[in-house]
Amino acid sequence: MKRVALLALVLGCGTGDGGRGTGGPYDLVLKNGWIIDGSGNPRYEGDVAVRGDRIAAVGSLNGAAARETLDVHGLVVTPGFIDMMGQSEINALIDSRVYSKITQGVTTEVTGEGGSVAPLTDQLVLDDSDAMKKWHYREDWRDLDGYFAQLERRGSAINIATFVGATQVRLAVVGKANRAPTAAELAHMTAIVDTLMEQGALGVWTALEYAPASYSKTDELVALAKAARRHGGIYASHMRNEGEHIDDALNELFAIALQADIPAEVSHLKVSGRKSWGQMPRILARIDSARAAGLDVTADQYPYIRAATSLDASIPTWAESGGWDSLLIRLRDPATRARLRREILQPSAGQSFYSAAGGADGVLITGTFQDSLRYMQGKTVAQIAAARHRDPVETLFDIVLAENGHRTDAVYAIMDEPDVQAAMKTWWVAVNTDFGGVAPDGPFGTQSAHPRAYGTFARILGHYARDLKLFPLEFAVRKMTSLAAQRVGLADRGLLRAGMAADITVFNPATVADKATFEQPHQPSVGFAYVFVNGQKVLDHGKVTAARPGRGLRGPGYVPPGARTTR
């Protein structure tokens with residue numbers, strides 16, 4: 001018996017019917033590849049067969065009949081990568097290629113950080129009317145069933161799975177005010193979570209560093225988390241603080257996990273701001289201690305030292321109470337504006353994004369909503385202020401006002417490379433891009449981006465695993481596949497096993513690399529030969545095909561419509 005065939009049997013992969021049994025020929029065979037199956041086990045040489053949208057066999061399949069056979073000798077065959085924190089729920093409706101994700105091997109995106117596609121109200125849709133006009137899409141749904149129906153109609157190159165965003169629920173019920181929900185409102189909020197969990201949401205996700213989520217108290221979050229837990233969901237969180245007060249934020253996350261008896265995920269794990277650099281090993285040790293004490297806590301991250309969010313995130317969140325119109329009114333009032341400037345430069349509750357980045361030199365404008373402001377893209381706030389002979393913080397306020405109620409995208413230099421690497425080497429830390437799918441051409445081509453949009457997964461495989469040798473390739477692939485799938489309850493993804501969904505990524509381990517930079521972010525990664533989503537080829541040697549086989553993926557609490565309870 002060939003050594004490869006013996007190894008396949010030992011691993012329990014099975015060789016199927018060789019394409020000669022009652023199932024007929026396979027639709028696809030990838031032969032002679034290095035199989036890294038997502039489990040963390042060592043690679044081995046073998047074949048992968050696909051029938052329909054499922055993996056039919058993995059192992060030694062010599063002579064197997066197939067409608068298409070691709071010799072992938074020297075290439076690595078893995079499960080499709082899972083982006084644990086993307087932002088493509090609307091991008092996929094605008095540009096179905098989801099180009100920057102497919103070109104780095106991503107087949108499934110998890111989304112819903114704070115804001116989510118559901119619930120929607122008429123008022124929330126009205127708030128999005130300018131964006132819909134600019135990007136040519138329609139929010140004609142109100143719940144998750146409706147969104148997934150539109151996604152199916154429009155088509156997508158990748159799968160989308162989503163959480164219920166706690167911010168979204170709060171906006172739908174409480175609005176934008178800085179207050180606690182009434183008992184009746186909280187009951188309504190938890191009922192929404194129950195409903196959307198039955199429609200297939202993965203859990204509840206908070207974004208507590210931003211208004212209006214920052215107005216939520218812990219007991220409100222525990223109530224929402226308990227509702228998610230009733231349906232097998234998890235609690236994910238962009239915590240209240242990732243810098244000087246990260247310990248307080250971790251304490252809150254641990255408390256929610258304990259009180260709601262729910263698994264918890266720290267989103268885009270980082271230590272933010274120069275005063276906090278070097279703290280990552282201690283933070284990892286705290287999470288390990290919580291795990292040892294019985295809490296189910298994990299995390300995810302992106303492999304860059306700069307973060308991306310909105311420019312207004314530098315403004316204290318109390319100024320957004322009442323919504324964007326209220327913020328703009330406050331920015332136009334000289335006394336309030338002076339107070340905000342003082343709090344940005346000397347924050348009393350920890351660092352602002354502005355101070356964490358070391359000031360205006362560390363804040364880079366990457367995208368503007370107003371076309372007339374596009375000349376600012378690629379410039380720091382310091383450069384823009386110098387050109388205007390104006391104070392940098394005042395310039396920041398001026399830009400927010402000029403956008404007239406729309407967010408300006410910005411990148412903040414807030415992390416340290418040793419901290420990033422420490423988290424990356426941790427076995428319970430998965431991978432995310434924290435960015436929506438974009439492309440150099442099409443509707444998003446005029447917008448700038450963070451290089452993580454195009455390069456996250458390739459950067460880990462190439463720069464960190466191959467070049468720096470921080471960890472084996474098998475370790476990296478597990479973080480990108482089975483770890484993520486297991487965490488969010490996508491039971492049929494993340495492993496190359498017979499019966500699993502045929503999401504498959506094929507790349508060259510010697511050439512895989514990220515090319516996107518902060519100066520030129522719209523550059524796809526290289527080294528990816530093929531990407532398959534639900535058995536269909538969506539990438540062929542760097543070219544996105546016409547196939548749009550992506551689906552809306554449902555979480556473990558999904559109940560078919562006819563079997564749901566009435567709430």
Side-chain angles (χ1 to χ4, degrees), residues 87 90-91 94 114-115 123-137 139 167 171 176 207 209-214 306-334 336-341 343-344 352-354 357 359-360 362-388 390-412 434-436 438 443-450 453 518 521:
Q87 313 281 353
I90 299 301
N91 293 36
I94 298 167
Q123 180 59 52
L124 292 175
V125 172
L126 182 63
D127 290 346
D128 291 341
S129 58
D130 286 347
M132 285 188 280
K133 186 181 301 181
K134 179 181 178 73
W135 299 113
H136 306 294
Y137 71 96
E139 291 178 347
T167 303
L171 286 169
K176 302 168 184 175
E209 206 162 10
Y210 306 118
S214 57
R306 299 188 196 180
T309 185
S310 59
L311 187 63
D312 63 279
S314 287
I315 299 173
T317 58
W318 63 260
E320 289 191 38
S321 179
W324 265 92
D325 287 342
S326 299
L327 171 63
L328 299 183
I329 289 170
R330 292 180 179 113
L331 287 178
R332 292 186 181 104
D333 175 65
T336 307
R337 186 164 169 141
R339 175 189 169 187
L340 288 170
R341 182 178 183 277
E343 292 185 12
I344 289 173
S352 68
F353 278 98
Y354 184 91
V363 184
L364 178 73
I365 304 298
T366 59
T368 63
F369 186 88
Q370 305 291 348
D371 291 342
S372 60
L373 302 179
R374 195 170 294 157
Y375 71 92
M376 296 182 182
Q377 292 179 179
K379 298 178 182 178
T380 66
V381 170
Q383 290 170 328
I384 297 168
R388 297 180 173 194
R390 189 155 169 75
D391 175 81
V393 177
E394 295 294 333
T395 298
L396 187 154
F397 293 154
D398 292 343
I399 297 170
V400 173
L401 283 168
E403 288 277 40
N404 195 30
H406 300 286
R407 296 195 186 279
T408 306
D409 298 325
V411 164
Y412 297 83
D434 194 9
F435 215 89
V438 292
F444 299 116
T446 58
Q447 298 292 111
S448 190
H450 191 296
F518 287 98

What verdict does the side-chain contact (heavy atoms from CB on, under 4.5 Å) test give for Tyr375 and Ile365, after you've listed the backbone C-alpha separation in whole Å, the side-chain angles of each residue and the deciding distance to 0.1 Å? CA-CA 10 Å; Tyr375 71 92; Ile365 304 298; over 6 Å; no
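- Using a 4.5 Å heavy-atom cutoff, the side chains of Asp391 and Arg341 are in contact.
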Let's go through Asp127 and Trp324 carefully: what are the C-alpha distance in whole Å and the side-chain angles of both, what is the deciding distance for side-chain contact (heavy atoms from CB on, under 4.5 Å) to 0.1 Å, and is it a yes or a no? CA-CA 10 Å; Asp127 290 346; Trp324 265 92; over 6 Å; no
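- Closest of all the heavy-atom pairs between Gly114 and Ala207 is CA-CB, 3.9 Å.
- In this structure, Glu403 contributes its side chain and Gln370 its backbone to a donor-acceptor pair below 3.5 Å.
- The two residues Ala453 and Phe435 come nearest to each other via the heavy atoms CB-CD2, 3.4 Å.
- For the pair Asp434 and Gln87, the minimum side-chain heavy-atom distance is below 4.5 Å.
- Remark: side-chain polar atoms of His450 are paired, donor with acceptor, to backbone N or O of Arg306 under 3.5 angstrom.
- Panel note: side chain Glu320, backbone Pro212; no donor-acceptor pair is recorded below 3.5 Å.
- Listed for the Tyr412 side chain is a donor-acceptor partner under 3.5 Å among the backbone atoms of Leu311.
- Of all heavy-atom pairs between Pro392 and Val381, the closest is O-CG1, 3.5 Å.
- For the pair Arg407 (side chain) and Ser310 (backbone), a donor-acceptor distance under 3.5 Å is absent.
- In terms of heavy-atom proximity, Leu340 sits nearest to Pro316 at CD2-CD, 3.8 Å.
- Rounding to the nearest 0.5 angstrom, the gap separating the CG atom in Leu327 from the CZ atom in Arg332 is 9.5 Å.
- Closest non-hydrogen pair, Val411 versus Ala308, comes out as CG2-CB, 4.0 Å.
- For Gln377 against Thr446, the heavy-atom pair with the smallest separation is NE2-O, 3.3 Å.
- The OG atom of Ser321 lies 11.5 Å from the NZ atom of Lys176; values are rounded to the nearest 0.5 Å.
- For the pair Phe353/Val363, no side-chain contact is recorded, criterion being any heavy-atom separation below 4.5 Å from C-beta on.
- When the options Thr309, Asp312, Thr317 are evaluated for a side-chain hydrogen bond (donor to acceptor under 3.5 Å, both in side chains) with Tyr210, the one that passes is Thr309.
- For Gln383 (side chain) and Thr380 (main-chain N/O), a donor-acceptor pair under 3.5 Å exists by modelled atom type.
- Here CG of Leu328 is found 13.0 Å from CG of Asp333. Values are rounded to the nearest 0.5 Å.
- In this structure, the side chain of Arg337 engages the main chain of Leu331 through a donor-acceptor pair within 3.5 Å.
- The shortest distance between side-chain heavy atoms of Trp135 and Ile90 does not fall below 4.5 Å.
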Does the side-chain contact (heavy atoms from CB on, under 4.5 Å) test come out yes or no for Thr408 and Met376, once each step is laid out? CA-CA 10 Å; Thr408 306; Met376 296 182 182; over 6 Å; no
Step by step, work out the side-chain contact (heavy atoms from CB on, under 4.5 Å) result for Thr366 and Phe518. CA-CA 9 Å; Thr366 59; Phe518 287 98; over 6 Å; no
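- Between Ile315 and Leu396, some side-chain heavy-atom pair lies under the 4.5 Å cut-off.
- Electrostatic pairing of Asp371 and Lys134 counts as a salt bridge here, judged by a charged N lying under 4.0 Å from a carboxylate O.
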